[in-house]
Every structure is written in structure tokens, then in C-alpha cells.
There are 2 protein chains.
Amino acid sequence: MSKTYSISELASEFDLTTRSIRFYEDQELLHPTRRGQTRVYSSKDRVRLKLTIRGKRLGFSLAEIRELFELWDETRSGSKKQLHLMLSKIAERKAALDQQMKDITMVQLELESAEIRCRQALEELNEKGPHETQTEDERTSTSEKTATSSSATMH
Amino acid sequence: MSKTYSISELASEFDLTTRSIRFYEDQELLHPTRRGQTRVYSSKDRVRLKLTIRGKRLGFSLAEIRELFELWDETRSGSKKQLHLMLSKIAERKAALDQQMKDITMVQLELESAEIRCRQALEELNEKGPHETQTEDERTSTSEKTATSSSATMH
DNA sequence: AAACAAGTTTACGTTAACGTAAAGCAATAG
DNA sequence: CTATTGCTTTACGTTAACGTAAACTTGTTT
């Protein structure tokens, strides 16, 4: 049958503790079967775990994630009402994600303008008195992209 | 001088409780002055509050947000070392935001494919047996964009 | 057989981000 | 004057998401 996983395999793959994985099961995000008393995770469980992690990174609570999973399962044999409910939940989530996208681009603009200020300050320090030893200048990002923003400032 | 705000003004504008705002001050995210014993917020405080809220929506902890504010302040009279530290912190945040962007687009794809499945299931129900009354069909999103994804599935 | 690794359950501890009183000052309305 | 409204401090309570420890089973290695 399609591949299965042990709890420690999943733990190391996704860099979680086994405690967390069992906790997710307790919260009904995962439904592993048992061989004896040992948990056996299907690839469906693995996918759900991955989705759970992504959801978490996006600030969703475990309860919200669980709700989506449940709705999704009910969708299979869903009545019209269920399907419409699911659709509205999906719309909710979409809206939340759109808002997050906006937030991210705003904060990215903030960070870029902050970065520019930092680099300017550094230049000025280098002209006036290049005293402190410079470990190594990083060309990390910046990339002469142009100065997009200007309106979004911190102070 | 430039405008000031009361705690309840800010609370209603950003839909927070005054408790939260005072808590943010306790965590040194805000530094209002006092008229008598009453807090007076500057427009700088207001901006910081807005940034705090955005940061929170993105999953940053109050401690992290505070760290960025502090670094930013030190940047003004910053030594080279401080400036470089700030730059590296900025890079950290940028990386985190990039990851979040990816997460969001992944989840959006999931949601869209889920939505498509829902709508198909609805169509099938409508063909086979349109029994339940339909309150009102929503044209909300969908927009015949095409079926972009297909690889990312839940089950 | 003894020990070790990997898994299990049970249960109390911890941190972050507030909620929720309780009790008191200050100004203004009636 | 006193009543209400808005602000304040102090402090204990709460929820989510695990961490941590203890004590036990099961299988495997030496």
C-alpha cells in the first residue's frame, strides 16, 4: 500500500517534536492508525501535517485549521448547505490571506526604506571617519532596483 | 504642535481595547507622555501602533516588534556595528516575509482548487436532483480565470 | 538475561497576550 | 453636591500550544 511513516520520521522531516505531532492528533488534525500501540501515519496524514505547518506560519490557530480539514472531509458527501458553508469559509480565508499579502508588502516597503537609510548612514560614516574595521561588506540584497517607496516611514 | 491622541481615540480607531494599548506600553512598544496622569499619544505613537498591528497580523511577537523599534531608534545615532546589526535584522525579517509570501500563495492555490471542487460538486447536485431551495447563488469570486493549479491537493 | 532505543500515556508546568475585576482620582453635567 | 464618564493602577485569571518529566510497554541488540 502507499507509503507510511513513523512519528519520528515525520518529526525529523518537518523539524517538530513528537510531542507536537501527538498534540496535533489530540486536536484532531491527524488521524494515524495503529500497529499494536504504535502510530502509523499515512501519506494523507503527512500532507495534512505539511498543511498544518503552513497554516501555523500564517497565523491560523490549530482550531481553524482543524475546521477547514473537517469541512473539507464533509465536502465529499456534502449536502448543498455544507458545500455553501465550505465555500463561504474558503472565501473568508481568501480574504484573510489577501489582507496578509497587503500587510506583507507594506512591511516590506518599510523594511526597504529602513535598509536604504541604514546604508546611507553607513556611507556617511565611511566618508567622515572610516575608523572601525569593516569585517566585510555584504552585497546581500539592495540590487539597484530603484527607490520604490518614500511615503512609508517609521519616524 | 503636531496632533495628539487619547487612549480611547486610538482604541476605537484601531479597534483595540485600552487594555491592549496599555499592555503595549508595558512592553515598551509605545511611549506616550503624560498630562497629569493621563496618557497622551503622539502621531509617532500612532504610527507605531499601526505597525504593531500589522506586525501582529503577520505573526510577529510583541518582543520581536519591540526589538525592531529599538534597533531603529539606535540607528539614528548608530555606530557602524549597530548599523550592520540593523541591516542583518532587516535581512532576517525580509527572509521571513518572503517565506510567508510563498506560504500564502501555496495556500491560496489549495483554496482555489478546493473551491473548484466545491463548485463542481454543486453542479452535479443541481443536475441530479435540485431539491433544496437555493437562497441565492453568489458570483463572489471564481471569475473564469482558468484552472491554474492541479498538483496541490488535500486528499 | 540485560540493556538500550523508540514508542506510549498521564499529567503538571510555562509563556504570550491579553481579559476581567476592583478600587480610586479628576472633570463635567445636572 | 453627587453622579456619571473617562482615565488610572494593581493584580489575579485565561487560553493556546506546546515543554518536560515520570513511569510503562515493546522490540532489538549484545
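These numbers were taken from a predicted model, which means no experiment stands behind them. Every chain is numbered from 1 and lettered A, B, ... according to where its sequence line falls, protein lines coming before strand lines.
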**Message:** Pair Thr33(B), Ser42(B) - check side chain to side chain contact (heavy atoms under 4.5 Å, CB included), show working.
**Reply:** CA-CA 8 Å; Thr33(B) 59; Ser42(B) 68; over 6 Å; no

**Request:** List the steps, then state whether side chain to side chain contact (heavy atoms under 4.5 Å, CB included) holds for Gln100(B) with Ile104(A).
**Result:** CA-CA 8 Å; Gln100(B) 277 209 44; Ile104(A) 289 183; 3.7 Å; yes

Any N/O pairs under 3.5 Å between the protein and nucleotides 12-17 of chain D? List them or say none.
from: dA17(D); atom 1: OP1; to: Leu62(A); atom 2: N; distance (Å): 3.1
from: dA17(D); atom 1: O3'; to: Lys56(A); atom 2: NZ; distance (Å): 3.4

**Request:** Using whole Å, report how far CD1 of Ile21(B) lies from C1' of dG6(D).
**Result:**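 Atom CD1 in Ile21(B) sits about 14 Å away from atom C1' in dG6(D).
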
**Prompt:** Which whole-number value in Å describes the distance from Phe14(A) CZ to dC18(D) P?
**Reply:** 15 Å

Quick one: side chains of residues 24-31 of chain A, donor-acceptor pairs under 3.5 Å with protein atoms, not counting sequence neighbours, listed by atom name and distance.
from: Glu25(A); atom 1: OE1; to: Arg39(A); atom 2: NH1; distance (Å): 2.6
from: Glu28(A); atom 1: OE2; to: Arg66(A); atom 2: NH2; distance (Å): 3.2

Identify all pairs in which a protein N or O lies below 3.5 Å from an N or O of nucleotides 5-8 of chain C, and state each distance.
from: dG7(C); atom 1: OP1; to: Ser8(A); atom 2: OG; distance (Å): 2.4
from: dG7(C); atom 1: OP2; to: Ser8(A); atom 2: OG; distance (Å): 3.3
from: dT8(C); atom 1: OP1; to: Arg39(A); atom 2: N; distance (Å): 2.7
from: dT8(C); atom 1: OP1; to: Arg39(A); atom 2: NE; distance (Å): 2.8
from: dT8(C); atom 1: OP2; to: Arg22(A); atom 2: NE; distance (Å): 3.0
from: dT8(C); atom 1: OP2; to: Arg22(A); atom 2: NH2; distance (Å): 3.0
from: dT8(C); atom 1: O3'; to: Arg39(A); atom 2: NH2; distance (Å): 3.3

**Prompt:** Does any non-hydrogen side-chain atom of Phe14(A) lie less than 4.5 Å from one of Ile21(A)?
**Reply:**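 Answer no - side chains too far apart.
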
**Message:** Can you confirm whether Ile90(B) sits close enough to Glu112(A) that some side-chain heavy atom of one is under 4.5 Å from a side-chain heavy atom of the other?
**Reply:**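 Not in contact.
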
**Item:** Residues Asp73(B) and Arg48(B) bridged, charged N to O under 4.0 Å
**Value:** yes

**Message:** Salt bridge check, Glu115(A) against Arg119(A): does any charged N sit closer than 4.0 Å to a carboxylate O?
**Reply:** yes

**Prompt:** Would the number of heavy atoms belonging to other residues, nucleotides or ligands and lying under 6.0 Å from CZ of Arg34(B) be above 12?
**Reply:** yes

